[in-house]
Structures are given as C-alpha cells and as structure tokens.
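Read the structure below first, then the notes.
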Amino acid sequence: MTQQLMQPPLRETASQTAGPYVHIGLAPKQAGFDIFENNFGSVLVDDKTKGERIRIEGRVFDGIGTIVKDVLIEIWQANAAGRYAHPADRQGGKAIDKHFRGWGRACSDFDSGVYSFDTIKPGSVVGRNGRPMAPHINFWIVARGINLGLNTRMYFSDEEKANAADPVINLIEWEARRATLIAQREDRKKGPPVYRFDIRLQGEGETVFFDI
Amino acid sequence: MTPTVPLGRAPQPDAEFMMRDTTSHPSALAPAYKTSVLRSPRLALISLQQSLSEVTAPVFDARELGALDNDLILNAAKDGMPIGERIVVHGYVHDQIGRPVKNALVEVWQCNASGRYRHKKDQYIGALDPNFGGCGRMLTDDNGYYAYRTIRPGPYPWRNRVNDWRPAHIHYAISGDGWVQRLITQMYFEGDPLIADCPILQSVPSEEQVRGLIALQDRSHFVQLDSRAYRFDIVLRGHRATLFENRVQAQGALK
C-alpha cells in the first residue's frame with residue numbers, strides 16, 4: 001500500500017477498436033476457418049447446469065438504425081443461485097455450479113445481424129452495501145468503429161418488482177432510458193423462452209452504457 | 001478453500017478497481033476514423049460504483065488451450081512455413097500498481113506478411129498465405145508474462161480516406177481478473193512511418209499513450225539465426241487501496 005501512496009498509478013494501456021476482423025482472433029470459425037481445438041462460444045450451459053434454460057437474441061443498431069453486423073458481444077453472469085464463479089465472490093449460502101462458468105461470446109450473423117446466447121437465468125446477486133441487485137447479465141460490446149468496449153447490463157422483463165428496486169437501474173435519472181436495459185421475454189412453442197435484447201449504439205432509444 | 005461471508009455483505013473492498021481514467025483512451029467519437037461517427041454513443045456513460053458484477057470475471061484454465069495456440073508460425077501451417085519475417089513477441093501484463101496479472105487470457109490476431117487477413121470479409125488484393133492463420137492465444141504465468149511467435153504482419157490500405165494505410169499491427173484482447181479490466185487494443189512496431197498518419201492511432205489522446213502501444217525491438221530475446229523479438233507490456237486497471245472510505249462502507253455493510 002505504501003507504494004501506492006508514493007507513486008501515481010500507471011496509465012491503463014490505451015484501448016483501440018476491435019476492427020472488422022475481430023472474428024479471426026476471438027471467433028475464427030465465423031471468420032471462415034477452423035484453427036483451435038476448443039472454441040469459446042455462445043453456449044454457456046451443458047446438460048448438468050442448474051437453472052432455467054433461456055435464449056438471448058438481439059441485434060445491434062447504429063446511429064441511423066442500420067443493423068451492425070460485425071459486432072462481437074461477451075456476457076458475464078452469475079449462476080442460478082446468484083453467485084459468480086470467481087474467488088472475489090464470497091457470498092455465503094450460494095453454491096458454485098461446476099457446470100457453469102457464466103461467460104460467453106457471440107458474434108452477430110453477417111447476414112441477419114442477429115446474435116444469440118444459450119444460457120440460464122441468473123439469480124440475484126448482492127450489490128453494494130447489501131442491497132440485492134435484480135437478476136441481470138453483464139454485456140461487453142466491441143466492433144469496428146467502437147474505440148472503447150461498451151459496457152451495459154441486461155435485465156429481465158418478468159422481474160418487474162426486482163427491477164423496480166435495483167440499485168443500478170435506479171441510478172438512471174431518466175426513467176425512459178431504463179427501458180433500454182430490459183430484455184422482453186417471448187415464450188415460444190418450442191425451446192426455451194427467448195429474451196429479446198436489442199442494443200442501440202446511438203440516437204433515438206440509445207442504450208444506457210456504463211462507465212464501470 | 002475461499003472463505004465465505006454472510007449474505008448481505010458488500011464485496012470485499014480490496015477487490016475493487018481504480019476508476020477508469022478516460023483520458024487514457026480515445027474518445028468514442030473520433031471523426032477522422034469515419035466508422036466511429038455512427039457507432040459512438042452520444043449520451044454520457046452512467047458511472048457505476050463497482051459491485052460483484054464488475055469485480056469478478058471468467059477464470060480460464062490452461063487445459064482449454066492447445067499446445068500450438070501461441071505459435072502462429074505453426075498453428076495453421078499445412079505444407080510448409082508461412083512467408084514473412086519471423087518474430088517473437090513477449091511482455092508482461094500488469095496492473096496500474098505494477099502487480100502482475102496472473103492467468104490473464106491474451107488473444108491475438110493479425111494479417112499475414114502481405115497485409116491480408118484470413119477472413120471472409122477481407123477483399124484486399126494482397127495474397128493469402130496457405131500456411132498462415134493469424135490468430136493465437138495464451139495465458140499469462142505467475143509473473144504476468146506471455147510470449148508467442150508469429151510472422152510480422154504487413155501494412156495494408158483500408159477504406160477510410162482513400163490513401164489511408166494501417167501501420168503494421170497485431171490486435172490484442174485481454175481478459176484479466178475483473179470484468180472492468182477487459183480490454184481490446186492493438187500493438188504497433190517501432191519505427192513504422194505509417195504510425196504518424198494513422199487516424200485510429202491519432203484518436204489516442206496523448207503521445208505517451210501512443211508510445212504505450214508501440215512494441216520495441218528487443219535484441220536480448222532474439223532467437224539466434226531464427227527470429228527477431230519485440231517487447232510489448234500491457235497495463236490493466238489496478239486494484240484500489242483500502243482507505244478510510246472503504247472502511248466506513250464495510251462497517252455499513254455489517255449492519
């Protein structure tokens with residue numbers, strides 16, 4: 001700690017855009033070739049993962065409403081019990097799920113622009129000062145033209161009561177903007193419920209992004 | 001075993017990270033980099049005090065990676081070696097206090113020696129190299145150290161202003177110990193004359209921060225009669241000191 005008081009901290013390395021070819025490094029199959037034996041992807045669950053299976057689908061729009069088709073999104077979330085698979089999460093009474101890391105990566109489809117994740121609905125995590133946070137999923141968005149990765153959160157439309165009490169949603173002074181963080185649930189005849197989460201980078205309905 | 005604390009307590013204050021100094025980074029809107037014009041938020045970011053959602057991050061295991069994942073010279077070679085200058089790139093990932101970031105996932109991607117990316121959307125006339133893929137990944141060791149070998153990428157023209165050329169660069173994505181540390185950047189090469197004209201680099205707000213993106217030739221790590229070496233260190237967000245503010249907060253959380 002003494003060292004911290006004596007010297008100013010170093011500067012964080014400058015961010016740069018992920019560029020149009022981010023898929024080569026982070027999702028080579030989407031770039032059009034197969035190189036790694038094990039690929040990181042958009043399916044966060046296996047057969048034994050605990051919790052309600054859900055699918056997240058959405059698109060990303062630019063400032064004039066054009067679909068951004070070269071975006072890469074990563075998500076990070078707690079498990080069904082509301083615990084993150086990380087040593088800094090020491091919440092008692094919530095078990096780690098060995099079958100759930102809570103992290104995934106997806107690219108928008110080059111033609112339709114749709115991205116998707118197959119995951120579970122997270123439980124509530126304790127926030128600062130003991131206030132529970134509504135179930136949510138952390139999003140990180142990078143693409144050509146985005147100079148610093150954008151952070152946001154996705155909340156669930158069927159958690160109205162928890163959302164109304166959520167300390168982060170309530171930080172957003174402009175109530176109309178809060179809706180940009182709520183994914184709408186659609187129950188389909190086949191398969192898990194789908195939460196639709198569109199992201200608007202700029203302009204009307206601009207998604208709330210966070211400086212974390 | 002990590003000790004648990006009762007439900008209702010805030011995350012350990014010592015797990016929090018320093019706030020991001022936005023003057024270290026390009027602005028979202030950098031008009032000379034034309035694509036940023038419609039892809040940059042116009043409204044202010046909402047600042048969050050960190051919770052467990054921000055101070056945690058995925059943990060990776062070396063068993064998830066393959067033996068050649070950090071060898072771009074061999075990991076896509078089919079019937080020979082890729083063409084171009086053989087180089088080793090190495091360095092340390094540390095935080096703003098200088099502490100190593102252990103087990104960080106470092107992912108890299110690049111074009112080949114003629115400036116062509118192995119990507120279905122890259123239409124550049126430069127030739128593809130049948131023996132070069134252009135991506136690799138590795139985890140840092142306990143000292144935050146990483147190393148990989150590759151072919152030095154070439155510069156290439158891109159659709160911005162008509163004669164814009166990207167200086168030779170390697171893209172990096174780094175995943176550290178906390179979600180707030182997630183970073184994407186690009187590494188450039190010492191002495192490249194295209195660095196001065198690049199609108200993407202010009203979006204970086206200070207010369208000092210640009211220098212931080214330029215790898216230096218490192219003769220001490222040349223591989224004899226084989227490869228040159230470049231050194232590139234990365235600084236991620238640092239953990240905060242535990243000062244009075246946090247103690248008060250921790251007491252509040254106990255109630």
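Keep in mind that the numbers below use all heavy atoms, side chains included, and drop hydrogens, waters and symmetry copies. Here is the naming used below: chain letters follow the sequence lines, and residue numbers restart at 1 for every chain.
- When each of Ala18(A), Ala143(A), Pro28(A) is scored by its heavy-atom pairs under 4.5 Å with chain B, the top score falls to Ala18(A).
- When all heavy atoms of Ser203(B) and Gln16(A) are compared, the pair lying nearest together is OG-NE2, 4.3 Å.
- In this structure, the portion of Ala173(B) lying under 4.5 Å from any heavy atom of chain A is its side chain and not its backbone.
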Test side chain to side chain contact (heavy atoms under 4.5 Å, CB included) on Phe40(A) and Leu105(B) and set out the steps.
CA-CA 12 Å; Phe40(A) 299 127; Leu105(B) 178 68; 3.9 Å; yes

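- Put simply, of Val208(A), Ile172(A), Asp62(A), Thr66(A), the one with the most heavy-atom pairs under 4.5 Å next to chain B is Asp62(A).
- Aromatic ring centres of His169(B) and Tyr21(A): separated by at least 6.0 Å.
- For Gln30(A), the part lying under 4.5 angstrom from a heavy atom of chain B is the backbone only.
- Looking at Arg144(A), both its backbone and its side chain come within 4.5 Å of chain B, counting heavy atoms on both sides.
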Any chance you could lay out the side chain to side chain contact (heavy atoms under 4.5 Å, CB included) test for Gln49(B) and Leu171(A), step after step, and finish with the verdict?
CA-CA 10 Å; Gln49(B) 287 179 289; Leu171(A) 267 182; over 6 Å; no

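- For Val60(A), no part sits under 4.5 Å from any heavy atom of chain B, backbone or side chain.
- Looking at Ile35(A) and Cys135(B), their side chains come closer than 4.5 Å, going by heavy atoms from C-beta outward.
- With a 4.5 Å cut-off on non-hydrogen atoms, Ala85(A) touches chain B through its backbone but not through its side chain.
- If you measure heavy-atom distances from Val108(B) to chain A, the contacts under 4.5 Å come from the backbone alone.
- Residue contact with chain A, scored on non-hydrogen atoms closer than 4.5 Å, involves the backbone of Asp95(B) exclusively.
- Using the six-membered ring where Trp is involved, Trp179(B) and Trp76(A) have ring planes that are parallel, under 30° apart on the 30 and 60° scheme.
- With a 4.5 angstrom heavy-atom cutoff, Arg153(A) touches chain B only via side-chain atoms.
- Ranked by heavy-atom pairs under 4.5 Å with chain B, the list Gln77(A), His136(A), Arg177(A) is led by Arg177(A).
- Heavy-atom pairs under 4.5 Å with chain B were tallied for Ile24(A), Leu201(A), Thr207(A); the largest tally goes to Ile24(A).
- Interatomic distance, OG of Ser40(B) versus CG of Leu150(A), reported as 9.5 Å (0.5 Å rounding).
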Using the rule given for side chain to side chain contact (heavy atoms under 4.5 Å, CB included), can you reason through His23(A) versus Tyr117(B), listing the C-alpha separation, both sets of side-chain angles and the distance that settles it, and then say yes or no?
CA-CA 11 Å; His23(A) 318 88; Tyr117(B) 284 96; over 6 Å; no

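- Per-residue heavy-atom pair counts under 4.5 Å with chain A were compared for Ala44(B), Gly136(B), Ala57(B), Gly66(B), and the maximum is reached by Ala57(B).
- Between Phe209(A) atom CZ and Leu43(B) atom CG the span is 9.5 Å, to the nearest 0.5 Å.
- Comparing Asp69(B), Ile234(B), Ile174(B) by heavy-atom pairs within less than 4.5 Å of chain A, the highest count is held by Asp69(B).
- In this structure the side chain of His86(A) reaches within 4.5 angstrom of the side chain of Asp177(B), judged on heavy atoms.
- The existence of a salt bridge linking Glu206(A) and Arg42(B) is excluded, since no basic side-chain nitrogen approaches an acidic carboxylate oxygen closer than 4.0 Å.
- For a residue to count as touching a neighbouring chain, one of its non-hydrogen atoms must lie under 4.5 Å from one of that chain's; by this rule Ile137(A) does not touch chain B.
- If you run side chain to side chain donor-acceptor pair (under 3.5 Å) between Glu12(A) and each of Gln181(B), Gln96(B), His25(B), only His25(B) comes through.
- Between chain A and the options Gln209(B), His171(B), His119(B), Arg237(B), heavy-atom pairs under 4.5 Å are most frequent for His119(B).
- Heavy atoms only, all atoms of each residue included: Phe33(A) and Arg118(B) are closest at CE2-O, 3.4 Å.
- Of the charged side-chain nitrogens involved, none lies within less than 4.0 Å of a carboxylate oxygen, so that Asp70(A) and Lys121(B) do not count as a salt-bridged pair.
- Using a 3.5 Å distance cut-off with no hydrogens or angles, the side chains of Ser206(B) and Arg11(A) do not pair a donor with an acceptor.
- For Leu213(B), the part lying under 4.5 angstrom from a heavy atom of chain A is the side chain only.
- Closest approach of Val235(B) and Thr13(A) over heavy atoms only: N-OG1, 2.7 Å.
- Put simply, CG on Leu45(B) and CG on Asp211(A) are 5.5 Å apart, with the number rounded to the nearest 0.5 Å.
- Counting all heavy atoms, side chain and backbone alike, Gly127(A) lies closest to Ser51(B) at CA-CB, 4.4 Å.
- Counting heavy atoms from C-beta outward, Ile64(A) and Leu38(B) have side chains that approach closer than 4.5 Å.
- For Val37(B), the part lying under 4.5 angstrom from a heavy atom of chain A is the backbone only.
- Here Glu54(B) does not pair with Arg128(A) in a salt bridge; the nearest charged N to carboxylate O distance is not below 4.0 Å.
- The nearest pair of heavy atoms linking Ser15(A) to Thr185(B) is C-OG1, 4.2 Å.
- Counting heavy-atom pairs closer than 4.5 Å to chain B, the top residue among Gly149(A), Gly19(A), Gly203(A), Ala31(A) is Ala31(A).
- Between Gln91(A) and Leu52(B) the shortest side-chain heavy-atom distance falls below 4.5 Å.
- Using a 4.5 Å cut-off on side-chain heavy atoms (C-beta onward), Asn138(A) and Ser53(B) make contact.
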Side chain to side chain contact (heavy atoms under 4.5 Å, CB included) between Val180(B) and Phe210(A): does it pass, once the steps are laid out?
CA-CA 11 Å; Val180(B) 303; Phe210(A) 295 108; over 6 Å; no

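- Nearest heavy-atom pair, Ile212(A) versus Gln50(B), reported as atom, atom and distance to 0.1 Å: O-NE2, 3.6 Å.
- Cation-pi contact between Arg39(B) and Phe61(A): absent, since separation from the ring centre below 6.0 Å together with deviation from the ring axis within 45° is not met.
- Within 6.0 Å of the NZ atom in Lys69(A), the count of heavy atoms belonging to other residues, nucleotides or ligands exceeds 12.
- Neither the backbone nor the side chain of Asp34(A) comes within contact range of chain B; no heavy atoms are under 4.5 Å apart.
- Of the residues Thr17(A), Asn147(A), Ile146(A), the one that meets the side chain to side chain contact (heavy atoms under 4.5 Å, CB included) test with Ser36(B) is Asn147(A).
- For the pair Glu37(A) and Leu65(B), the minimum side-chain heavy-atom distance is 4.5 Å or more.
- When each of Glu64(B), Lys120(B), Arg182(B) is checked for heavy-atom pairs under 4.5 Å with chain A, Arg182(B) comes out on top.
- A heavy-atom distance below 4.5 Å is not found between the side chains of Arg137(B) and Leu26(A).
- Heavy-atom distances place no part of Ile96(A) under 4.5 Å from chain B, backbone and side chain included.
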